[in-house]
Amino acid sequence: MAEPARKPTFTFAEYLAHEHASEVKHEHVNGEIFAMAGGTPEHGLMAVNVASVLRGQLVDRRCRVYNSDVRVRVQATGLATYPDVSVVCGRLERDPEDENSILNPVVLVEVLSPTSEAYDRGEKFAHYQTIPSLREYVLVSYQRRRVEVLRRNDDGTWTLHDVREGGVAELASVGCSLPLDEVYRQVFAGPEPGEEAG
């Protein structure tokens, strides 16, 4: 009986070399490299809205807000990925193998999509839970006005805070509020009041 074909495995250094030569972003997980699909205009707008709201509230504090251009590496599992929004407070910790990968986010945000939702809720969250600094993981729905905040408790368990419609999601770890009206501004509706269509 023939042996099943083995998937190629790549070290982190090989992944970085591949990433450096590529025009598109990739995720490195379990020794494999996966291309990350581009998002829709709505996806991009929601991510920018979240980052803008957080940036506005954190501008005078020792916290920085990053977009999806910044890679996060999960040292415990080896995952290297690009969350939609990352927040780091205090000193920025860089991966010893890659100065462009950060290690210590306090908040990570993923805008869900039909192709990524199961992964973002399941396997990716399992990776993220092993980041010692992470206190909150935020999932932004693409279907309706809904933001879920998964918050780490002192005993290491996680509690879900589910906010819908016109509510406000609280990010206790950084003392910020995410009004859903701001998160979904211009996403599901036509022009805002005072704007002209066209």
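Position 1 is the first residue of the sequence; numbering continues from there.
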Visitor: Which residue is it: L79, L16, I33? I am looking for the one with a side-chain contact (heavy atoms from CB on, under 4.5 Å) to H28.
Guide: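 Result: among L79, L16, I33, I33 is the only option passing the side-chain contact (heavy atoms from CB on, under 4.5 Å) with H28.
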Visitor: Can you tell if the side chain of E110 reaches within under 4.5 Å of the side chain of Y128, non-hydrogen atoms only?
Guide: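 Yes, at least one pair of side-chain atoms sits under 4.5 Å.
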Visitor: Quick one, V88 and V106 - any side-chain contact, counting heavy atoms below 4.5 Å?
Guide: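 Counting from C-beta outward, V88 and V106 never come under 4.5 Å.
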Visitor: Does a side-chain heavy-atom distance below 4.5 Å link L45 with Q186?
Guide: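 Side-chain contact under 4.5 Å: yes.
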Visitor: Looking at every non-hydrogen atom in both residues, tell me the closest pair between S141 and L112 and how far apart they are.
Guide: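 Smallest interatomic distance, heavy atoms only, reads CA-CD1, 4.4 Å.
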Visitor: Quick one: closest heavy-atom pair of R91 and N104, and the distance?
Guide: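 Scanning both residues, the minimum pair turns out to be O-ND2, 2.8 Å.
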Visitor: Between CE of M46 and OH of Y142, what distance do you get to the nearest 0.5 Å?
Guide: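 The CE atom of M46 sits 10.0 Å away from the OH atom of Y142.
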Visitor: Do V65 and V85 have side chains that approach each other closer than 4.5 Å (heavy atoms only, starting at C-beta)?
Guide: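 Yes, at least one pair of side-chain atoms sits under 4.5 Å.
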Visitor: Does F12 have R73 sitting over its ring (NZ/CZ under 6.0 Å from centre, angle to axis within 45°)?
Guide: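 R73 over F12 ring: yes.
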Visitor: Say whether, by atom type as modelled, one donor and one acceptor occur between the side chain of R152 and the main chain of Q129 under 3.5 angstrom.
Guide: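 Yes: the side chain of R152 pairs with the backbone of Q129.
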Visitor: Under 3.5 Å, is there a donor-acceptor pair between the side chain of D98 and the main chain of S101?
Guide: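 Judged by distance alone, yes, a pair lies under 3.5 Å.
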Visitor: Work out which heavy atom in G90 is nearest to a heavy atom in R64; give both atom names and the distance.
Guide: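 Shortest heavy-atom contact: O-NH2, 2.7 Å.
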Visitor: Assert yes or no for the condition that the ring centre distance of Y137 to W158 is strictly below 6.0 Å.
Guide: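 No - the distance between ring centres of Y137 and W158 does not fall below the 6.0 Å cut-off.
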Visitor: Please tell me if the side chains of E123 and N30 come closer than 4.5 Å, counting only heavy atoms from C-beta onward.
Guide: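 Yes, side chains in contact.
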Visitor: Only pairs at least two apart or in different chains count here, so list each salt bridge (Lys or Arg N to Asp or Glu O under 4.0 Å) that has a residue in residues 80-90.
Guide: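 Qualifying pairs: none.
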Visitor: Atom CD in E99, atom CZ in R94: separation rounded to 0.5 Å?
Guide: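 The distance works out to 6.0 Å.
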Visitor: Would you mind reporting whether P96 and Q75 have side-chain heavy atoms less than 4.5 Å apart?
Guide: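 A side-chain contact exists here, since the closest heavy-atom pair is under 4.5 Å.
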Visitor: Does Y82 have K25 sitting over its ring (NZ/CZ under 6.0 Å from centre, angle to axis within 45°)?
Guide: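 Geometry flag: set, cation within 6.0 Å and 45°.
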Visitor: Applying side-chain hydrogen bond (donor to acceptor under 3.5 Å, both in side chains), can you list everything that pairs with S133, at least two apart in sequence or on another chain?
Guide: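 S133: no side-chain hydrogen bond (donor to acceptor under 3.5 Å, both in side chains) contacts found.
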